[in-house]
Amino acid sequence: ANYYRPYELLSRPQTNWMDHLSRTGRLQEYEITMSGGSARTKYYNSVSYHDNEGVFYGVDFKRIQARINADHQINKYLNTGVRMNVGYLYGEDVPMQSLYYSNPAFAGMTVLPWTPAYTADGMHNVNIPENSDSNPRATAEYDDQWSKKYKFNGSIYLEWKPIKQLTLKTTDAAELSFNEDRRFWSVEAHNYESGYPILQTEQYLYRVLTTSNTATFQDQYGEHSLRVLAGQEAYHKYYWLQYQSAESLNPDIPYVNSGSPDSYQVEYDTYTDTMMSWFGILDYNYASRYFLQASIRADGSSLFGKNNQWGTFWSVGGSWNVHNEKFMQNLTWLNTLKLRASYGVNGNNNISHYLQYGTYTSSAYNGVTGLRPSTPANDDLSWERNYTWNVGIDFRFLKRFSGSIDVYSRKTTDMLLSKSQSSTTGFNSATTNIGSMRNNGIEFQFDADIIDRGDWKWNAGFNISHNKSKILELAGDEMMNYSEDSRLKHIVGERMFTFYLKDYAGVNPVNGEALWRTEDGELTNDYNAAAYVKSGSPEPTYTGGIHTTLTWKDLSLSVVGEFKGGNKVLIIENRYLSSDGNQMSMNQQKGLLDYWKKPGDTGVNPKPIAGNSTNSYSFSSNRFIEKGDYFRIKDITLAYNVPASLLKKIGLGTARVYASGLNVFTFHDVNFWDPERGVDGMGYGIYPVTKSFVLGLDLSF
C-alpha cells in the first residue's frame, strides 16, 4: 500500500518541471576599441560589457572589462610600453555540476509532474519531499547567492638596443584578483524550521608577481641568419582565503553577526609558491631552406622536495623548406613543401601546495581538539617529465590546396600521483613520483580554395586527430584510483582513464531479474558477487572538425562543425532516473517503461520492484555505459559587409552585420541532452551546451 498512488493524481494540473525551471537565455555584448598614435607612440584601448542570462533561473553572469596597450619610443635606443587589463565580474548561480537538490538540471528531471509549482496563495511551492523540500525557482528568487571578482593584469617593459644586433628587455607584471562570495539560504526557499536562515561568505585574494629579463642577439651573415636569446624569469604566487558562516540569522539583518553565536565558523587558508627559471634559445636558418632551433631551461619550483626542486629541460628541432631547393623549381604546381622534426623534454609541476611537507590537520580525540599528522613528508618529490618527438610535413599545391600531417609520441615519467599507503604507516595516501605513460598520435589538416573566381569564393577545410594514451607502469601496482572516484582507474596497459565497473549481463528472460557476471564467468542475480571489469575509456579515439565559407560579393555564409568519437560516457543520473522502482518518489525517464513483462522478453530493462534493493540501478556498473560519439554543428554565420562607397557618405570606415547560430544541432545517441560529460566521462547534473542565436554589428570609424 505504501507504493500505490490513486489515478486521481493524473487529473490534477501537471507541471513540466524542466520547462518550469528553465528559460530562454539572453546574451548581450558590446565593445568599443580605439587605436592610433604618432611616429613614436602607438596605443590600443578597449572597453567591453558582457551580460549573459543563463538558461536556468538563478544563473547570470556580467563582466565589465577595459584594456590599455601603449608603446612609446623614448629615443632611437630605448622603447617602453605598458599592457593593462582591469575587469569586474559578477555572477549569480545555483548549485550546478552536482546531483544536488537545488540544481535545476537535476531537479527538473526528478520532481514528480503532479507536484504543484505554486502554493494556493501564489508562492513558490517548497513542500517537495522527493526533492528534499527544495525548489530551484524559489532558490533563485529568495536565496542570495553570488560571486564578485575584481581583476587587474598589467605589465610594463623597457627595451634597450645599444647596438643594432642586441636587444635587452625587462618586463615586470602583476596579476591581482580579489573575490567576494556569498551563499545565503533563506527561510522562504526552504521548508525547514531549524537553523535557517544560513549564511556562508568567502573573501579571497590571488596575486602573482612576475619578472622576465632577456638579452637577444640577432644578425644576418649573407644567407645565414642567427638569433640567440638568454633570459631569466621568476614568479611569486600568493593566495589567502577567509571563510565565515552562521545559522539562525535574523532575516532583517542577513549577516554573520546576527546569527546564533554557537553556530559561528571561521576558517583561514593561505598558500604561496615561487619559481625561478633560466633559459636560452638558439634560432638559425640558412637561405630560408634549413632551419634549426634549440632551447634549454632550468626551472626551480618551491612545490617540490628540498632534494629535487630543480629540473633541466631542453628541446631541439629542425625544418627543411624543400620547395626552395633548386631541384624543385620546375615543379610549378607545388607551392610549399616543408619537413619538420623535433625532440625535447619539458616538466610539469601542476600539483597542490605543501605536498612535499609532512602536514597536520585538526582532529578531536576524547572531546579535545588538537592536531594530528595528515600527510607524510617527501623530500624527493620532483618534476613530472614529458619526452616528446614530433615529425611533420606542411604542403600547398596548385595555389588552392594546403594542409599538414603530424605524427608524435610523448612519454611521461615520474608521474605526480597520489598513491595509497598501508594504514600501518598512519596515512591513507601520499603524492609521489611514480609510474609512466605514453601518448601516441597523428594529426591531419586539409584546406581548399574550391572556387576563387570573380565575385564568388568558396573554401572548405577538415581536420582530424587521433591520440591514444597507455599507462606503462605504476610502481608495481596494476591499477590506481583516479582522484577519489573508484569508478575510474589508472590501469597498466590501458588508457589514461578506464571505467572499472560491475559487469552487468542484462535481464533474466525467465523472471526479469538483473543479471551479473562473476569472476569465473557465471551468471548471478547477486550484485555483490559480480566481477569488476574494464568498461571502456572516456578518452576519445578521434576528434576533429570541418569548416566552410561561401562568399558572393559582400555576402558570406560560413559553417563550422566538430566531432568526437571512440569514447565512453557513464550517465550517473540514471542511478535516480532509471532506478527500477528504488526511487519511488522521483520522476523516472520514459525509457524505463521498456521493461521485462513476460517470460522470454530480452534486451529490456529489469522488472521494476517497489523499493528495489537489488542494486540493478547501480551507477557503479556498466549498465549505463554508452558511446559518447557526436557531431555538432557548432556555428552557422551569415554576414554582410556594407560596401565602402555607401559608408563614406556617413563617415564610417567599415560596417559588418551578421547573424549566427551557435550549437545549432548535435547528432548523438547518448541517452541524455548533451553527449559531452567532461574529462572523466561522467559529469553530475551538468549545465548543458546551449543553443544560441546571435545578431551582431561591427563598425569602424
Side-chain angles (χ1 to χ4, degrees), residues 2-26 52-61 91-146 183-198 251 254 572-579 581-593 672-674 684-688 690-691:
N2 294 332
Y3 300 113
Y4 287 93
R5 297 187 175 95
Y7 276 106
E8 180 270 334
L9 286 174
L10 299 180
S11 65
R12 298 182 185 180
Q14 305 287 297
T15 300
N16 182 331
W17 277 91
M18 186 59 74
D19 184 62
H20 181 68
L21 299 176
S22 63
R23 62 189 175 185
T24 299
R26 179 178 54 86
N52 192 343
E53 184 181 84
V55 297
F56 291 109
Y57 290 93
V59 180
D60 300 283
F61 176 76
E92 295 181 3
D93 61 80
V94 292
M96 302 293 295
Q97 308 298 114
S98 65
L99 302 185
Y100 189 64
Y101 297 112
S102 295
N103 180 350
F106 182 59
M109 295 183 289
T110 58
V111 179
L112 294 167
W114 49 76
T115 297
Y118 298 98
T119 62
D121 55 2
M123 302 295 290
H124 290 294
N125 177 30
V126 294
N127 184 19
I128 309 177
E130 67 268 34
N131 200 52
S132 192
D133 287 335
S134 293
N135 183 337
R137 278 290 294 271
T139 298
E141 182 168 345
Y142 298 116
D143 286 358
D144 197 19
Q145 305 201 14
W146 48 257
R183 297 287 181 270
F184 177 74
W185 285 269
S186 64
V187 174
E188 294 86 350
H190 301 275
N191 191 24
Y192 304 109
E193 297 180 1
S194 175
Y196 283 74
I198 298 173
I572 295 290
E573 291 84 351
N574 280 347
R575 158 67 176 82
Y576 302 95
L577 298 173
S578 294
S579 68
N582 176 264
Q583 298 292 335
M584 293 295 292
S585 64
M586 285 185 172
N587 197 15
Q588 302 289 286
Q589 62 168 311
K590 64 181 181 181
L592 200 60
L593 292 173
F672 204 73
W673 55 56
D674 190 355
Y684 293 84
I686 56 176
Y687 190 92
T690 55
K691 183 184 301 183

Exercise: identify the closest heavy-atom pair between [X] and [Y]:
X	Y	answer
L592	L577	CD2-O, 4.2 Å
L21	P104	CD1-O, 3.7 Å
S11	E8	OG-O, 2.6 Å
F184	P254	CE1-CB, 3.8 Å
A105	W673	O-CH2, 3.3 Å

So, taking the atom named [atom1] in [X] and the one named [atom2] in [Y], what distance separates them when rounded to the nearest 0.5 Å?
X	Y	atom1	atom2	answer
L10	R5	CG	CZ	10.5 Å
M123	E141	CE	CD	7.5 Å
D674	Y687	CG	OH	12.0 Å
R137	Y57	CZ	OH	4.0 Å
F106	L99	CZ	CG	5.0 Å
I128	T115	CD1	OG1	6.5 Å

Report task. Using the test salt bridge (charged side-chain N to carboxylate O under 4.0 Å, His left out), find all partners of E53 that sit at least two apart in sequence or belong to another chain. Result -> R26

Query - Non-neighbouring partners of D133 that pass salt bridge (charged side-chain N to carboxylate O under 4.0 Å, His left out), sequence neighbours left out - result: none

Query - Verdict with supporting geometry, Q589 and Y576, side-chain contact (heavy atoms from CB on, under 4.5 Å) - result: CA-CA 9 Å; Q589 62 168 311; Y576 302 95; over 6 Å; no

Query raised in the report: Sub-3.5 Å donor-acceptor pair from the side chain of N131 to the main-chain atoms of Y101, do we have one?
Result: yes

Residues two or more places apart in sequence or in another chain: which of them pass side-chain hydrogen bond (donor to acceptor under 3.5 Å, both in side chains) with [X]?
X	value
T139	none
T15	none
R183	D93

Query raised in the report: Can W146 and D60 be said to form a side-chain contact (heavy atoms from CB on, under 4.5 Å), step by step?
Result: CA-CA 9 Å; W146 48 257; D60 300 283; over 6 Å; no

With sequence neighbours left out, what residues match [X] under side chain to side chain contact (heavy atoms under 4.5 Å, CB included)?
X	value
P116	N125
E188	Y142, S186
N587	L112, P113
P251	P197

Report task. Return each pair, listed once, that meets salt bridge (charged side-chain N to carboxylate O under 4.0 Å, His left out) where at least one residue sits in residues 109-131; pairs must be two or more places apart or across chains. Result -> none

Requested in this report: Side-chain contact test, heavy atoms from C-beta onward, threshold under 4.5 Å: evaluate it for P688 versus F56 and give yes or no.
Outcome: yes

Query - Residue pair Q145, W185: steps toward the side-chain contact (heavy atoms from CB on, under 4.5 Å) verdict - result: CA-CA 8 Å; Q145 305 201 14; W185 285 269; 3.7 Å; yes

Query raised in the report: Which residues pass the ring-ring contact (aromatic ring centres under 6.0 Å, His included) test with Y196, sequence neighbours left out?
Result: H190, Y192

Report summary line: Sequence neighbours excluded, the answer for ring-ring contact (aromatic ring centres under 6.0 Å, His included) partners of Y118 is H20, H124

